[in-house]
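Below: one structure, written as structure tokens.
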Amino acid sequence: MTSDSLSRRTFLQRGAALSLAGAATPFAINLATMAEAAAQSSASTDYKALVCVFLQGGNDHGNTLIPFDEGSYAAYAAARGGIALGRDSLAATALSNSLGGRQVAMAPSLAPLKPLYDAGRLAWLLNIGPLVQPTTLAQYQARSVPLPAKLFSHNDQQSAWQSYGPEGTLAGWGGRSADAVLSGNGRASLTCINTSGNAVYLSGRTAVPYMVNPAGVPSLYALNGGLFGSATCEAAFRQLVTQTSQAHVLASEHARVMARAIDVNAQLQTAMGATPALATAFDGANPLANQLRMVAQLIAARDRLGMRRQVFFVSLPGFDLHDNLLSRHAVLLGQLASGLVSFQAALDELNVAPNVTTFTASDFGRTLSSNGDGSDHGWGGHHLVMGGAVRGANLYGQLPNAGLGGESDTGQGRLLPTMGVQQLAGSLGRWMGVPSGDLSAINPGLASFNAGTLSSLLTT
């Protein structure tokens, strides 16, 4: 079997997680709790967490971080046409940094994040995206180097961002990073937590995502008064699904999984019930804010669960804006900013701001040129990294040409990334404490990228 082949146990774990994680019932959701429990540890004294905020659909980076100096803005406006943001609207969010005399501004809807940037708690990554190895425009045009599979495809590029492989890849770099630090946690099953459905990012070779509803930790319906209202029926059901001494190997393994899922669910409910509610306000009408509030509550319960390392995944849909870009994109970025500001305030409340690093990702960037009312599928884009450990108020990477036809333009303003996702993953992994010998195995091709680009992104 190859290194990616699955053992019988892993097959059972992964199969249950992938097939049932999207089901509506708490019973089904908790079948995704499949990871082996690590040895119990003491309350966390060395806690670190990553939070991936995935912008589903392909965020329009052109109206997220906008050229602001006069010459660059003129080139931007000419390329964007009717979907260009007005320069006057950018004055309040213009960043003080200058790259070769060029200046950028955040979208007006991201204004709530400006104080975090100015305070050195937020940074921008310029033109980052999936790559197999560093690639020039000439190499791309000649197809003389390996490229990510099925460029510009939503499903495949979501997977490429999260795992470096096309749709169907079994393990993502978040999960593989978690594999390397799993043994330090009191509950390995709660290392990788997803609030928004399946994502390969959180799947490792040992670590498996645990699904949590943003509204709270659900009860197992069949074991909490839901099975005909009969204690006898519930006892019989529990015995049936957790009895491991069965002749059939699959039935016995399934019972082990169920017993573990029931146990983890009960422990999580107990820990969350004993954790005080957050004083920080979140916008209840904002779906991203609701997910981030749940992540903050889970982080608040870390000591009760003996967690030292965790990886979270949240998402905000709606970014596939082939039309109505100006109106709809502003709303989405407003939700992103509101959710992130409240989340960072909650981390301050919990005194864990230096211990949690949050970053955005997306399927891909989009074309700089307009299709008339929106933009089309692209490749590289700009993303933010936020947290108390971030060396912020900074722009990392290479700022692409403001208009069309630059050295990174593969056509219509689709950016050839000048920073690989591996570089971000490597920097985050080092900060999390992933052994240096594991980083290249977790992030294929990492050694071929410029190790210094993000070496100063995070304090240790």
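Between S338 atom OG and L113 atom CG the span is 9.5 Å, to the nearest 0.5 Å. In this structure, CG in N443 is found 11.0 Å from OG in S163, a value given to the nearest 0.5 Å. The distance from atom CG of N324 to atom NE2 of H329, rounded to the nearest 0.5 Å, is 13.0 Å. One distance of note links CZ of R176 with OG of S203; it measures 10.5 Å at 0.5 Å rounding. One distance of note links CZ of R102 with CG of L399; it measures 4.0 Å at 0.5 Å rounding. Taking CG of L137 as the start and OG of S408 as the end, the distance is 7.5 Å to the nearest 0.5 Å.
For the pair T195/F312, no side-chain contact is recorded, criterion being any heavy-atom separation below 4.5 Å from C-beta on. Contact annotation: the side chain of L325 never approaches that of D373 to less than 4.5 Å [non-hydrogen atoms, C-beta and beyond]. V421 is not listed as a side-chain neighbour of L131, based on a closest heavy-atom distance of 4.5 Å or more. Residues L340 and L292 have side chains in contact (heavy-atom distance under 4.5 Å, counting atoms from C-beta outward). L288 has its side chain out of reach of F343: every pair of non-hydrogen atoms, C-beta onward, lies at least 4.5 Å apart. Looking at heavy atoms from C-beta onward, L50 lies in side-chain contact with Y201 at the 4.5 angstrom threshold. Counting heavy atoms from C-beta on, the side chains of I128 and P417 never come closer than 4.5 Å. The closest side-chain heavy-atom distance from V385 to L424 is below 4.5 Å.
For A301, the side chain to side chain contact (heavy atoms under 4.5 Å, CB included) test picks out A271, M272, T275, L305, with sequence neighbours left out. Every salt bridge (Lys or Arg N to Asp or Glu O under 4.0 Å) that D323 has, sequence neighbours left out, goes to R328. Shown here are the side chain to side chain contact (heavy atoms under 4.5 Å, CB included) partners of P148, two or more places apart in sequence or in another chain: P130, V132, L151, Q157, W379. With sequence neighbours excluded, the residues forming a side chain to side chain contact (heavy atoms under 4.5 Å, CB included) with Q103 are F68, D69, A94, listed by chain and number. Contacts of S196 classified as side chain to side chain contact (heavy atoms under 4.5 Å, CB included), with partners at least two apart in sequence or in another chain: N194, Q291, F313, S315.
The two residues A346 and L278 come nearest to each other via the heavy atoms CB-CD1, 4.2 Å. Considering all non-hydrogen atoms of both residues, S370 and G372 come closest at OG-N, 2.8 Å. Annotation for A178 and C192: closest pair CB-SG, 3.5 Å, computed over non-hydrogen atoms. Nearest heavy atoms, M432 versus V311: CE-CG2, 4.1 Å. The shortest heavy-atom contact between A79 and L404 is CB-CG, 3.7 Å. Residues P67 and Y73 approach most closely at O-CD1, 3.4 Å, considering heavy atoms.
The closest donor-acceptor contact from the side chain of N290 to the backbone of P214 lies at 3.5 Å or more, if one exists at all. The closest donor-acceptor contact from the side chain of S159 to the backbone of G165 lies under 3.5 Å. R309 places no side-chain N or O within 3.5 Å of a backbone atom of T191 that could act as its donor or acceptor partner. Using a distance-only test at 3.5 Å, with no hydrogens or angles considered, a donor-acceptor pair links the side chain of Y76 to the main chain of L85. Without hydrogens or angle criteria, S448 side chain to Q133 main chain gives no donor-acceptor distance under 3.5 Å. Judged purely by atom type and a 3.5 angstrom limit, D156 has no side-chain atom pairing as donor or acceptor with the backbone of P166. Using a distance-only test at 3.5 Å, with no hydrogens or angles considered, no donor-acceptor pair links the side chain of D438 to the main chain of S440. When atom types are taken as modelled, the side chain of D283 and the backbone of A289 share no donor-acceptor pair closer than 3.5 angstrom. Under a 3.5 Å cut-off, the side chain of T360 and the backbone N or O of L384 do form a donor-acceptor pair. Side-chain atoms of S189 do not come within 3.5 Å of backbone N or O of R187 as any donor-acceptor pair.
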Query raised in the report: Run the side chain to side chain contact (heavy atoms under 4.5 Å, CB included) check on L332 and L321 step by step: do they pass?
Result: CA-CA 11 Å; L332 291 168; L321 297 175; 4.3 Å; yes
Working note: V53 + L316, criterion side chain to side chain contact (heavy atoms under 4.5 Å, CB included); need CA distance, chi angles, decisive distance, verdict.
CA-CA 7 Å; V53 179; L316 182 64; 5.6 Å; no
For W161 and F54: C-alpha separation, side-chain torsions, deciding distance, then whether side chain to side chain contact (heavy atoms under 4.5 Å, CB included) applies. CA-CA 10 Å; W161 240 103; F54 204 84; 4.3 Å; yes
Candidate pair L416 and E407, rule side chain to side chain contact (heavy atoms under 4.5 Å, CB included), full reasoning: CA-CA 9 Å; L416 169 64; E407 67 275 7; over 6 Å; no
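Residue pairs meeting the side-chain hydrogen bond (donor to acceptor under 3.5 Å, both in side chains) criterion with at least one partner in residues 78-90, sequence neighbours excluded, are D60-R80, N63-R80. For residues 418-428, the pairs satisfying side-chain hydrogen bond (donor to acceptor under 3.5 Å, both in side chains) are N127-T418, Q423-T453, with sequence neighbours left out. Within the structure, salt bridge (charged side-chain N to carboxylate O under 4.0 Å, His left out) contacts touching residues 354-372 (residues at least two apart or in different chains) are D320-R366. Residues in residues 158-174 take part in no salt bridge (charged side-chain N to carboxylate O under 4.0 Å, His left out) pair, two or more places apart or across chains. Applying the side-chain hydrogen bond (donor to acceptor under 3.5 Å, both in side chains) test to pairs two or more places apart or on separate chains, none has a residue in residues 390-402. Note on residues 115-125: pairs passing side-chain hydrogen bond (donor to acceptor under 3.5 Å, both in side chains), not counting sequence neighbours, are N97-Y117, K114-D118, R121-D348. Within the structure, the salt bridge (charged side-chain N to carboxylate O under 4.0 Å, His left out) test picks out no pair touching residues 449-460 (sequence neighbours left out).
T280 and E349 are linked by a side-chain donor-acceptor pair at a separation below 3.5 angstrom, with hydrogens and angles left out of the test. Under the 3.5 Å distance criterion, with hydrogens and angles disregarded, a donor-acceptor pair is assigned to the side chains of Y47 and Q310. A donor and an acceptor atom, one from each side chain of H154 and H377, are located under 3.5 Å apart.
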